[in-house]
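Working notes for the structure below.
The figures that follow rest on heavy atoms only: side chains count, while hydrogens, waters and symmetry mates do not. In what follows, residues are counted from 1 in the order of the sequence shown.
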Amino acid sequence: DRLRIKVRILRRKLLDRDLLRRAGFVVGLEQPHAAGVDHVLEQLSGLRLELGAAQARELLLHVLEPLGQGLTNGNYRLCLPTGEQAFLRRGHPDPVRLGIDRATEWQLYQGAVGQGLALPCHHGDPATGLMLLAWCDEPNWAEQAPPLAAQPRLMAEVLVRLHRLPVPTVVMAVRAHSGGYRQRLAHIPPWLPALERALLASREPDDCWLPCHHDLNPANLLGSRPWVIDWEYGAAGHPGFEVASIQRTHGWSEEQRCQ
């Protein structure tokens with residue numbers, strides 16, 4: 001009984017924002033394994049001292065459930081003592097190398113919450129990319145998309161609300177952004193020059209910057225609303241690029257593109 005009381009108390013402690021922040025920084029496991037959990041427990045030494053290493057490890061695995069890893073972040077389901085759930089995202093430790101501006105992401109995310117585009121955020125730390133979001137059980141569009149006929153209208157509504165937000169000072173110009181990625185490559189793949197020629201031959205307008213998400217692919221849309229997630233590449237951008245990206249990643253037909 002005394003142990004059960006301690007477990008309940010310690011679960012509540014895990015909800016403390018400072019403790020969540022420290023836990024989130026080090027939870028970045030590709031797979032949940034004992035060594036990784038022990039690393040987290042080093043940050044939560046009070047938990048280890050009160051419960052012992054084995055029981056603390058079991059508790060932590062019960063509270064934080066690793067989800068499918070994104071390309072750049074660690075994603076977890078946080079199971080609260082009340083039975084509620086939340087989504088914990090641990091951002092990539094070097095966002096600048098990926099062309100991500102955390103302050104702009106946070107600015108757009110907060111605006112998107114106000115427009116009903118993004119899930120409410122219980123806690124966010126732009127300096128580290130740690131975010132604790134409301135949980136959503138609805139599948140993403142890659143798993144279960146709305147009817148094809150409804151998708152253009154739904155995406156148009158997303159863009160209308162997105163473009164109501166203040167225009168960020170950070171601009172994602174396609175040529176400059178792709179050039180930055182190129183400079184970071186250790187070796188130039190043989191297919192890249194041909195892709196660059198097509199990009200450089202196109203005209204990139206510079207007179208119509210609007211708030212853009214830049215990654216509205218099916219995996220970043222939840223439910224029929226839809227909720228928009230993963231705002232890392234949000235910045236001022238050209239709406240034509242946003243629309244072209246949507247059409248490409250959603251695989252729309254010519255008829256859908258004209259709607």
Side-chain angles (χ1 to χ4, degrees), residues 24-26 28-30 68-75 89-113 117-118 121 124-131 133 140 142 155 158-159 162-221 228-251:
F25 286 146
V26 295
L29 316 177
E30 291 298 326
Q69 296 291 306
L71 295 177
T72 59
N73 301 315
N75 303 310
R89 187 201 76 176
R90 186 200 63 83
H92 190 278
D94 190 5
V96 175
R97 187 169 63 88
L98 301 177
I100 295 170
D101 185 283
R102 292 293 186 204
T104 301
E105 175 194 16
W106 182 239
Q107 173 195 341
L108 280 175
Y109 187 89
Q110 288 180 301
V113 170
L117 283 172
C121 183
D125 187 352
T128 62
L130 184 72
M131 299 179 75
L133 310 178
N140 65 48
M155 293 309 301
V158 167
L159 293 178
L162 175 56
H163 294 162
R164 290 175 185 157
L165 303 180
V167 179
T169 56
V170 173
V171 174
M172 182 184 283
V174 178
R175 288 187 181 86
H177 208 74
S178 61
Y181 284 141
R182 193 186 205 281
Q183 291 174 2
R184 296 182 182 95
L185 293 175
H187 303 285
I188 304 300
W191 49 263
L192 185 58
L195 182 64
E196 288 179 318
R197 282 195 296 272
L199 175 64
L200 295 174
S202 64
R203 177 178 176 270
E204 184 177 33
D206 58 3
D207 58 352
C208 187
W209 301 116
L210 289 174
C212 290
H213 181 279
H214 290 123
D215 196 14
L216 290 171
N217 73 77
N220 286 334
L221 303 168
V228 180
I229 61 173
D230 196 357
W231 290 80
E232 288 188 310
Y233 293 100
H238 195 280
F241 176 79
E242 188 97 282
V243 172
S245 174
I246 291 170
Q247 294 180 351
R248 176 77 173 181
T249 57
H250 289 252

Test log, rule side chain to side chain contact (heavy atoms under 4.5 Å, CB included), inputs Leu162 and Glu242: CA-CA 11 Å; Leu162 175 56; Glu242 188 97 282; 3.5 Å; yes

Over all atoms of both residues, closest heavy-atom pair of Pro168 and Thr104: CB-CG2, 3.8 Å

Over all atoms of both residues, closest heavy-atom pair of Ala236 and Val167: CB-CG1, 3.8 Å

Contacts of type side chain to side chain contact (heavy atoms under 4.5 Å, CB included), residue Pro93, not counting sequence neighbours: Arg90

Non-hydrogen atoms of Pro239 and Cys208 that approach each other most closely: CD-O, 3.1 Å

4.5 Å side-chain heavy-atom contact, Trp231 and His213: yes

Side chain to side chain, Asn217 and Arg248, heavy atoms closer than 4.5 Å: no

CG-CE distance between Asn73 and Met131, expressed to the nearest 0.5 angstrom: 10.0 Å

Distance in Å, Ile246 CD1 paired with Leu216 CG, rounded so as to fall on 0.5 Å steps: 5.0 Å

Residue pair Cys121, Tyr109: steps toward the side chain to side chain contact (heavy atoms under 4.5 Å, CB included) verdict: CA-CA 9 Å; Cys121 183; Tyr109 187 89; 3.7 Å; yes

Minimal non-hydrogen separation, Pro211 against Pro166, with atom names: CG-O, 3.6 Å

Minimal non-hydrogen separation, Leu159 against Val243, with atom names: CD1-CG2, 4.0 Å

Ser245 side chain near Asp215 side chain, heavy-atom distance below 4.5 Å: no

Side-chain donor-acceptor contacts of residues 186-196 below 3.5 Å, not counting sequence neighbours, with atom names and distances?
from, atom 1, to, atom 2, distance (Å)
Glu196, OE1, Arg182, NE, 3.0
Glu196, OE1, Arg182, NH2, 3.3
Glu196, OE2, Arg182, NE, 2.4

Residue list, side chain to side chain contact (heavy atoms under 4.5 Å, CB included) with Pro95, at least two apart or on another chain: Ile100, Arg102

Distance-minimising heavy-atom pair for Met172 and Tyr233: CE-O, 3.4 Å

Close side-chain approach of His92 and Arg97, heavy atoms under 4.5 Å: yes

Exceeds 12 heavy-atom contacts within 6.0 angstrom, atom CZ of Arg184: yes

Check: Asn220 and Asn140 side chains under 4.5 Å, non-hydrogen atoms: no

Under-4.0 Å salt bridge between Glu105 and Arg89: yes

pair Leu165-Leu108: side-chain heavy atoms closer than 4.5 Å: yes

